Each structure stands twice: as structure tokens, then as C-alpha cells.
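Inspection log for the structure reproduced underneath, given as C-alpha cells.
Convention: sequence-line order gives letters A, B, ...; per-chain numbering from 1. Because the structure is a prediction, the values reported are computed rather than measured.
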Amino acid sequence: MSESKGFNKLHKGVQKWIWSQKWTSLRDIQEEAVCPILDSDCDIVISASTAAGKTEAAFLPACSRLMEQHPNGIGILYISPLKALINDQFRRLQSLCKILDISVTPWHGDVLRSTKIKQQKNPNGIVLITPESLESLLLNRGSWCSKAFNELCYIIVDEFHAFIGTERGCQLQSLMHRLEFLIERTIPRVALSATLGDMNQVADALRPNKKLPCKIINSTVSHSDLKLQLRGYLIHAQQNERTVSSIGEIACDLYKILRGKSHLIFANSRARTEEIAARLSDMCKQDLVPNEFFPHHGSLSKEIRESLETRLQKEKFPTTAVCTMTLELGIDIGSVDSIAQVTSPHSVASLRQRLGRSGRRGEPAILRLFIPENEITVKSHLLDRLRIHTVQCIAMINLLLKKWYEPAISNKYHFSTLVQQTLSVIGQYGGVQASQLWVLLCESGPFSSIDQALFAMFLRSLAEKGLISQLGDGQLVLGYKGENLVGHYSFYTAFSTPDEYRLEFNGKVIGTVPIDKPLTQEQHIIFAGKRWEVILVDDKHKLITLKKAKGGTPPQFSGDGLNVHDIVRQEMQQIYSEKQTPVYLNEAALLALKEGFDYFHALNLDSRQIIQMGNMVHAFPWLGDRVTNTITVLLQVYGLKADSFGGVIDIRNCTLDDFFNTVKKILYVPQITSTELASNIPDTVIEKHDPFLPKTIRDIGYGSRTFDVDGAYKWLTQIVSSTHDQVEKFQPSKC
DNA sequence: GACCTGCTGCGGATTG
């Protein structure tokens, strides 16, 4: 340790703590972070997987600086997307901060008011907060903030990747910017993030206006070895009415392979999570052994989730969590023996995150993928015949091994969050000039894509809706409706949440179900891994009462589509073309893959991307969902009956001539903008405050986040020019 | 044919 350059620069008290932890050395990211954080003249992104010591990499030097500087007021502001993570970090920071005599204060909706009042009276040390609670502080206690944060040394943002490209992430950017504006000083930002494809994009998201340089610290430690298996399953046609109920064979294998140790099973949807957990519990019961399989997802009550997290942490009993994304983020559950992935993961980056949970103390990480494909019948769709799921998994594994990850989502416009931030700033200062507001939020802030003219139009629409009004001297103040909106506690979140029913058993809430997928009396359901009957639906109190029962299927949950990246589809095309056959497939997966290859080559898909079958035309751009969705809507606008799924575009009642003539028509006129394309979508109310915006403004935001117009035109141009005989048939005079 | 997150201020009753 004494040879470590970083260690020697740390404060004596911090060194003492490190000795007490019996660490023999600092990890690479910790070593590398010491100097730039101590110098505090730049922002820093620390990127590594879960449990790589990112928290210490940030806090050891940051606390060292606090010990030397002794700021008057709060020294470090730590911002986390999860309350559970704040509680974890609060526990983890205890011993270090006790030695240093720095106070740590958790600050979120579940924290006792007395704790907050204590910090309000004597602001100091480290505050661990959510974006929503920070929003409330700026809005309601602006002048307290300017004093309390006056000598703030660092802002540390945990799980930063979870914020990027989202409304909540835009809110976070705005909050950090407003805080700096308030204290008239730039504060170094430290982001702790998973590894994404382009880390410079992560730096841009951390400080969009680039007023400080950003240093990127990427973990160079290669991951421990990976043991990998892809297991194929055939779902028989007659069972196929509900995919989730045909999961029996997979559940049997999961039981045989996983029982007796601790694992995570990622099942991609809450319904499938419940189905698998219930089947696994049933098998334990049948074998008269204690149950060790439990579901974990966002609709389960906090108590049920926490008791499972604690059981995993304690490592006393073998425990397998069947889970959704909830166990992908950094909540402390220790590490598990292996990861099972049922159905294809949504992204390479998320597969990487999930893998980070496996591999105990230098043991290889173990990943098993359980991939169902549908039995082929006369009615089967091309995608089933191509065995698209198996190939998508192989593509994602190829990319994972190449260390390619999806880049962060870039999203230029967040009008819904601009509504929130506009109202919040006006509420904070009481009254603001429109020009000041534009400079703060747009010119120097995170809404930099919005020019003065667009901002003026935006403000006029807020005034029309009664959210704001203008005084004689030009000052903007909150209108009646604006006061109401800002005054309600639901104002602090940038994202919207649909109404839900609470599910209750014996007077205890066990979770929630969405209100738009109602349950009915006497219906049998699976929830929290157990089987129930609905005995009462109370619409007035949004409460559903349950009793124990047998049988049943999971309730329906709502959700949006998924977004596969261009590079994943291109990798898939290459796998088909080259007939790549990896070694980690079991016999069934191997058979499925061979069937897929045979069909791909029977259709000559290695040399063409457009085919006609019956009265349908199928297009295979081998590009991501943003591009295929854009092409699909373009074709629809020009009158074709187009639909897309899984990267393939189906056009009904269409011939190759119809298709190519339409594409020619599209290309004959100047390129449409994403906003124009969105104007054809009837309902563009998606985000929380969209109802306050006119459709013209909503379409700008909707178009830019949904469509990739350049990508679509690039493909359309290429498909026309590479199909010579079709070019001959085209007659522009007909357009 | 997808997932996830979050929340104030104040009045009134109760307790030490």
C-alpha cells in the first residue's frame, strides 16, 4: 500500500480507515481517481461494473479534500436514482465518516423529518439525496440552499447511466445547473456509471455546456472468465396462445440446474417473472423441500422486495431471485453463483450489467440463456422460421465478448421536463423575466436545442393553459393552475406514473397492478410468486382484496416496445451470412440455429433485403428499431399497409413494384423532417407534462426521440440503387 | 411485443 501514489495523497484519517479495512492495495479506478478528484479542477466519470469499488473511488479522495478544506455548510452532495441505494450508501459510509467525524445525512421521502430539520438547522458534511428531494429543496428553500451549498466541494451522481437520455436525467442536469447558478460557482461533478459504448457521450450528459473538462476513468481490469451456455426450447403450437404459460420446460430445467445455490434469473417481464417463480415454488412444494425461489419486480411491495434482498445478502440459505431490471442496478445483494437469462436480453449493456452480479471472488461468471422458439407450422411467420431470438442472443454475446455496448441514448428535446423546470424556477424566485429564464435553462442550461423563438412559443402555450402569466413589468409569475401544480407533492417527479390498484391480503398490501388492465372478482392470479383469488375489487379506494387459491395466471402489466440497436441487427445479419455456429449451444439451440440458417439462405437473404411472399412484401433492413420504425411510418404516410416487428417490415396487399414505386416517391421529394413525420402520429402525448403542450411542440420532441430519418433515407436510397431492374420499371411521371 | 424510478408541509393527537 505504501507504494501507492494515490494512497499517499489521501488524508491521514482516510489512510487509517483503509488500513482498518485490511486492503492490500487500491483498485485501479480508485488509484486513478485520487489526483483528479483532489485537484477538483475537472469533472470525472468513473466507469466500471457493479461492486468494482466505484463508491470508494469517489468518496476516499472527496472526503480527504473535505478534511483539508473544512467547508462551511454541506461539502458533498451525493445524488442517487434510488432510495434503496441511498440507504445502502448511508450504511457503507458510516465507518469511514466516523473516523473522519464527517456527518452523513440521507435525504429522501422516507427519511424522518427530524433528520432533515437537524440538517436544515446546521447544514454540513455529506448529504445523500434523490433528484426529486433536491427539486423540492430548490423550489421551496432556495435561499437556504444558497447558504447551505455555498462552499459545496463536489456533486457525486451514482448510477449515472440510469439517468442518461431520460426526462429524469434532464431534470438532474437542470438541478445541478440551477444549483451552480444559485451559488455562482462551478462545482466539480463526479459520475459513477456502468460502461457504455461511447464514454464521451456520458461526459456530455454530465455537463452539457462543457464549462469544465471531463476526465474519464474506465476500469481496465478484465472481467473474470465467463462460462456460457445457450439452451434452446421448442414451444409447441397448441400451447402458444399465451407465451408465459408455455414456459414449463424451461422452469423444470431451471429447477434442476439452479436448486441448492444462489442465482439471479432475469425473465424480462413481470408476468413471466411471476409465472416462473410460481412454477419453481410449486416444484419445491412437490418435492417437500423448502422454497428458495422468489420473484422481485417493481410492482411488488417494498417489504416483499426488501426481505428478499436481505435474504440474498445474508447468504445463509440458497436463494434464487426471479427478477426484472430491479436487481440490475447497484442495490447491495452480494454476488451470486450464476445468472440465468430467460428469453433474449434487451441490450448488450444490460446483459453486461447482469453478468456483473455473478462470479464470486475470482470465480468465473456463469451465464445460461434459456431461449424459446416457436414450433413451425404452415402459419408460422418469417421471424419464427429464421429463429430470430436465437440469432439475436448470439449477436449480443458476440458483441459482449468484443466489449461493444450500446451508446447512451441522446435526446435533444425534453419539453415535458422544460415545463417542470420553468414552473420550478418561477416558483423558486417568485417572478422571472422571460429572457433570464431562457438564458438559465436554454442558453447555458440543458435545454440548449431550444432557441429564443421556440422558447417564446413554448411560454405562450403555458400562459394559454393558465400555468403562468405575465405581469405589467414583463415578469413571469405562476398562474392559478401553475400554483396548483407546483403546490402538489407529485410535482417533484419528472416522470409520470399510471394509476394503480393496490393488492391486499390479510390487511397487508403485497403490491400493485395497473388500472388499465383490470382484474375481476373470482379471477385467479399469480402474484408475489403465490396463487390467489380476487375476492373484492374496490374501485373507489383502488384496492383489490385477495385470498389464497390454486391455479391462475399472472396479471397483465403494461409496457412499451423495446429498442434494439443498429449494430446488433448488423451482427445478426453477419451471423446468418457466415453461418457462424458458436460452441456454447446445446443440441436444441444448435438445431434451431441450423433451421434459421437454412431458411435465411433458402430465401437468398444474403443477397437481397426485399422479398415478396404471396400478397406480402417483407423488408429486412438489418437495422435498429428506430430506423425500421421510421421506414414503417414513412411507408404508411405514403399509403402502404406497413407494420414492423423484430426488425422486419411487413407490407400487406403489396407487390415489389408497389413497394419500389413508393420508395421512389419518398425519395423524389426533399427529405421529410422527424417533426413532419411525427405530425402524422395522432397521439403524441407520452410524457408527464405533454398535455400542456400544443401538438406542434410535442411533435418536435416525439419525432426526435422516435425517428432516425437520416438512417431511414440512407437505407431507402441504398435499396433503390442496389436493385437495378426495379429502377428500370420506375416512371417518375406517374408520381 | 419492456423495464424502472419518486414525493411536501402542516395540523392535530399523543407521549414523556
Side-chain angles (χ1 to χ4, degrees), chain A residues 79-86 107-113 116-117 120 129-141 158-172 175 240 242-244 266-274 295-300 302 305 323-331 341-347 349-351 353-354 372 374 381 383-384 388-389 392 409 417 420 424 427 484-498 500 512 514 556-564 625 628-629 643-648 650 688:
Chain A
I79 307 175
S80 154
L82 300 175
K83 290 186 288 192
L85 201 55
I86 288 178
W107 190 302
H108 57 66
D110 300 342
V111 172
L112 289 177
R113 206 153 67 100
K116 295 178 185 172
I117 290 171
Q120 258 163 18
I129 202 166
T130 58
E132 289 73 17
S133 286
L134 182 56
E135 181 79 66
S136 136
L137 280 179
L138 279 175
L139 172 61
N140 301 311
R141 305 189 188 278
D158 209 346
E159 303 283 358
F160 186 63
H161 57 278
F163 286 109
I164 302 177
T166 66
E167 297 296 318
R168 203 176 181 207
C170 181
Q171 176 189 25
L172 172 66
L175 293 171
N240 202 19
R242 286 205 62 181
T243 320
V244 284
F266 288 96
N268 283 357
S269 79
R270 282 169 287 188
R272 198 181 289 117
T273 296
E274 287 288 354
H296 191 284
H297 59 76
S299 295
L300 289 169
K302 196 176 129 190
R305 286 157 62 172
C323 58
T324 57
M325 253 174 56
T326 44
L327 289 184
E328 203 177 292
L329 288 180
I331 299 171
Q341 170 71 47
V342 180
T343 70
S344 186
H346 296 309
S347 72
S350 117
L351 182 61
Q353 278 286 97
R354 291 172 182 190
N374 289 318
H381 189 267
L383 290 171
D384 283 333
I388 207 92
H389 304 293
Q392 184 176 319
I409 299 164
T417 302
Q420 183 205 35
S424 185
N484 279 342
L485 202 66
V486 169
H488 193 264
Y489 64 82
S490 62
F491 176 72
Y492 306 107
T493 48
F495 54 89
S496 62
T497 35
E500 291 174 322
T512 57
Q556 277 187 288
F557 298 95
S558 26
D560 310 324
L562 39 87
N563 257 334
V564 174
D625 286 326
T628 40
N629 289 339
D643 277 305
S644 64
F645 178 65
V648 179
D650 294 343
K688 186 174 180 183

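We find that NE2 of A:H346 is positioned 6 Å from C1' of B:dC3, with the value rounded to whole Å. Rounded to whole angstrom, the span from the CG atom of A:N374 across to the C1' atom of B:dG1 amounts to 12 Å. Atom CD of A:E274 is separated from atom C1' of B:dC3 by 15 Å (rounded to the nearest Å). Distance A:H296 NE2 to B:dT5 C1': 13 Å, rounded to the nearest Å. Protein atom CG of A:N563 is 13 Å distant from nucleotide atom P of B:dA2, rounded to whole Å. To the nearest angstrom, C1' of B:dC4 lies 10 Å from CD1 of A:I331. In this structure, the NE2 atom of A:H161 is 13 Å from the P atom of B:dT5, given to the nearest Å. Spacing between atom CD1 of A:I129 and atom C1' of B:dT5 amounts to 16 Å, rounded to whole angstrom units.
Contacts of A:E159 classified as salt bridge (Lys or Arg N to Asp or Glu O under 4.0 Å), with partners at least two apart in sequence or in another chain: none. With sequence neighbours excluded, no residue forms a salt bridge (Lys or Arg N to Asp or Glu O under 4.0 Å) with A:D650. Scored by the salt bridge (Lys or Arg N to Asp or Glu O under 4.0 Å) test, A:R354 finds A:E328 as partners (sequence neighbours excluded). Residues meeting the side-chain contact (heavy atoms from CB on, under 4.5 Å) test with A:H108, sequence neighbours left out: A:K83, A:I86, A:N87, A:D110, A:V111, A:T130, A:S133. Remark: A:F557 pairs with A:H297 by the ring pair (Phe, Tyr, Trp, His ring centres under 6.0 Å) rule, at least two apart or across chains.
A:R354 comes within 4.0 angstrom of no nucleic acid atom, judged by non-hydrogen atoms across all strands.
Tested against A:F495 for a side chain to side chain contact (heavy atoms under 4.5 Å, CB included), the candidates A:K688, A:E132, A:Q171 yield a single pass: A:E132.
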TODO: List the protein contact pattern of nucleotides 6-16 of chain B with one symbol per nucleotide (5' to 3'): B for base contact, S for sugar-phosphate-only contact, - for none; contact means a heavy-atom distance under 4.0 Å.
DONE: BBBSB------

